[in-house]
Number of protein chains: 2
Amino acid sequence: MSEIAVRLKDVLAASDAYRQTVARLVGLGVPETTILVHLLHAGPRRPSTLARRVGVTPASVTAQLDRLELAGHVVRRSNPRDRRSVLVDLTDQGRDLAGRLFALFDRDVATGVGDADPATTAELGRILEHLSRRLDERARDTHAIAADLEESGRR
Amino acid sequence: MSEIAVRLKDVLAASDAYRQTVARLVGLGVPETTILVHLLHAGPRRPSTLARRVGVTPASVTAQLDRLELAGHVVRRSNPRDRRSVLVDLTDQGRDLAGRLFALFDRDVATGVGDADPATTAELGRILEHLSRRLDERARDTHAIAADLEESGRR
DNA sequence: GATCTTTACTTCGATCGCCGAGATATCAGG
DNA sequence: CCTGATATCTCGGCGATCGAAGTAAAGATC
């Protein structure tokens, strides 16, 4: 199983450089591009939700949304259900950019995955889905992670 | 195939938050922890190599290595083959920390992957390896990426 | 329905990290 | 040697991020 973790670590490192290059090309930061593509698939979202997803504080997301809104990629709409909160949505221009960003990524992933048979591909999708959920929930449980880090030290 | 790209995008976003949480716990930045774990598996490496891998400039890596060296996690040794360059290596302390960081990640990945059969797991490893190579080489070819982004726009 | 607590986002001040450009040292080739 | 290329570091400046405080609205309690 450790095999997977090693490979995945390499994918993450490579992704860092990849996303950095792409973000620079479109004149945005890496978190901003992440937000754009996420909105494309998930629909309108609240700032705090985006903050958790990207792993930064709400204050930082405010600044990132300011930049995205200034560039005309997103709009902030008030949420009729809860007027404390805000819903961030893509503009047509933002949707176009997000679509291009994802299409680029999609093609590179397809090239990287190569010619796997459909059954394996489906299984791979299922595994990745589990994995993202696991990492996502772990990222929020600071105490548990701290404990596990300690435990590794004593092992 | 697009299925995989969507799932992988989610994994990357979740990883951002995950790595941020872990890095904060050990008092380092995300790039620093990436460097530590990479050195653990790859052995001594040169600063410029690390820079490409993490997707930052050599100047930034200098600062990151300064911090890691000050904390006692790595040492800079002169390279006998080429005295212009430097070889960065883990100290015992750094190796211990990197080992813990990877062990934590490894366990979370194993949990996320779940009980896939060995054949699928092996195939997954192979695919991830291809993928990391593909993303890695793409990240360096700015011109090609720019062209592909344009092309997506005209589609 | 008045008050208190919680939640959501933003603003502000300050710090930190990153980048680009220039400096230094070394290598490789003619 | 001398020149051009390579590897790293230093420095100055900019931009992003954070923590904390501020504003506003929703929900809970009595």
Side-chain angles (χ1 to χ4, degrees), chain A residues 13 16-17 19-36 39 44-71 73-89 139-140 142, chain B residues 13 16-17 19-36 39 44-71 73-89 139-140 142:
Chain A
D16 286 342
R19 296 200 287 170
Q20 170 75 25
T21 299
V22 173
R24 182 158 283 230
L25 273 174
V26 297
L28 295 172
V30 173
E32 283 89 336
T33 60
T34 304
I35 287 175
L36 278 180
L39 288 175
R45 280 291 179 277
R46 295 185 355 204
S48 55
T49 307
L50 298 173
R52 273 199 308 274
R53 183 149 199 99
V54 181
V56 297
T57 63
S60 301
V61 167
T62 296
Q64 289 161 5
L65 293 179
D66 286 346
R67 289 190 284 272
L68 285 173
E69 195 163 30
L70 188 66
H73 295 314
V74 303
V75 288
R76 281 186 246 228
R77 301 188 336 235
S78 74
N79 184 350
R81 303 266 182 180
D82 182 345
R83 278 180 307 189
R84 289 172 300 181
S85 70
V86 166
L87 281 181
V88 182
D89 198 2
R140 298 178 201 174
T142 307
Chain B
D16 286 342
R19 295 200 287 170
Q20 171 75 25
T21 299
V22 173
R24 182 157 285 229
L25 272 174
V26 296
L28 295 171
V30 172
E32 283 89 335
T33 59
T34 305
I35 287 175
L36 278 181
L39 288 175
R45 281 290 179 274
R46 294 182 357 199
S48 55
T49 307
L50 297 172
R52 274 199 308 275
R53 180 147 201 102
V54 181
V56 296
T57 64
S60 302
V61 166
T62 296
Q64 289 161 5
L65 292 179
D66 286 346
R67 288 189 285 272
L68 284 173
E69 195 163 30
L70 188 64
H73 296 314
V74 305
V75 287
R76 282 186 244 228
R77 300 187 338 233
S78 75
N79 184 349
R81 303 267 183 178
D82 182 347
R83 277 181 308 189
R84 290 170 301 180
S85 70
V86 166
L87 281 181
V88 182
D89 198 2
R140 297 179 202 175
T142 307

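Note that the structure is a prediction, hence the values are computed from the model and not measured. Numbered from 1 within each chain, the chains take letters A, B, ... in sequence-line order.
For B:Arg83 and C:dC27, the shortest distance from a side-chain N or O to OP1 or OP2 is below 4.0 Å. In terms of phosphate contacts, B:Ser60 brings no side-chain nitrogen or oxygen within less than 4.0 Å of OP1 or OP2 of C:dC18. Taking only side-chain nitrogens and oxygens, A:Thr62 never comes nearer than 4.0 Å to OP1 or OP2 of C:dT11. Taking only side-chain nitrogens and oxygens, B:Thr57 comes nearer than 4.0 Å to OP1 or OP2 of C:dC19. Regarding contacts with the backbone of C:dC9, a side-chain N or O of A:Ser48 is found under 4.0 angstrom from either OP1 or OP2.
Residue contacts shown for B:Val56 are limited to sugar-phosphate atoms, with no base heavy atom under 4.0 Å away. Contacts of A:Pro47 with the nucleic acid, taken as non-hydrogen atoms under 4.0 Å apart, involve only primed sugar atoms and P, OP1 or OP2. Among the protein residues, B:Ala59 comes within range of the nucleic acid bases, having at least one heavy atom under 4.0 Å from a base atom. Among the atoms of the strands shown, only primed sugar atoms or phosphate atoms (P, OP1, OP2) are found under 4.0 Å from some heavy atom of B:Ser85.
Residue B:Arg83 qualifies as open at atom CZ: its count of foreign heavy atoms under 6.0 Å is 12 or below.
Within the 3.5 Å criterion, the main-chain N or O of B:Arg76 finds a donor-acceptor partner in the side chain of B:Glu69. One N or O on the side chain of B:Thr34 and one on the backbone of B:Val30 form a donor-acceptor pair closer than 3.5 Å. In terms of modelled atom types and a separation under 3.5 Å, the side chain of B:Thr21 and the main chain of B:Ala17 share a donor-acceptor contact.
The distance between atom CG of B:Asn79 and atom C1' of C:dT26, rounded to the nearest whole Å, is 12 Å. If you take CZ of B:Arg67 and C1' of D:dC9, they are 15 Å apart, rounded to a whole angstrom. Atom pair B:Asp66:CG and C:dC18:P shows a separation of 12 Å (rounding to whole Å applied). Remark: P of D:dT8 and CZ of B:Arg81 are 16 Å apart, rounded to the nearest angstrom. Between A:Asp82 atom CG and D:dA26 atom P the separation is 6 Å, expressed in whole Å. Look at CD on A:Glu69: it is 13 Å from C1' on C:dC9, rounded to the nearest Å. Put simply, CZ on B:Arg76 is 8 Å from P on D:dT10, counting in whole angstrom units. As a whole-Å value, the separation of A:Gln64 CD from C:dT10 C1' is 14 Å.
Residues from residues 20-35 of chain B with heavy atoms under 4.0 angstrom of DNA chain D, sorted by number: B:Arg24.
Under a 4.0 Å N-O distance rule, the pair B:Asp16/A:Arg52 does not qualify as a salt bridge.
Separation of atoms CG (A:Leu87) and OG1 (A:Thr49) is listed at 9.0 Å; rounding is to 0.5 Å. Taken to the nearest 0.5 Å, the OG atom of A:Ser85 stands 11.0 Å off from the CZ atom of A:Arg77. From B:Thr62, atom OG1 reaches atom CG of B:Leu50 across 10.5 Å, with rounding to the nearest 0.5 Å. Atom NE2 of A:His73 and atom CG of A:Asp89 lie 14.5 Å apart (nearest 0.5 Å). The distance from atom OG1 of A:Thr33 to atom CG of A:Leu25, rounded to the nearest 0.5 Å, is 11.0 Å.
Bending across the helix from C:dG1-D:dC30 to C:dG30-D:dC1, expressed as the angle between its end axes from five pairs apiece, amounts to 30° (10° rounding).
Evaluation of atom-type donor-acceptor distances gives no pair under 3.5 Å for the side chain of B:Arg84 against the base of D:dT8.
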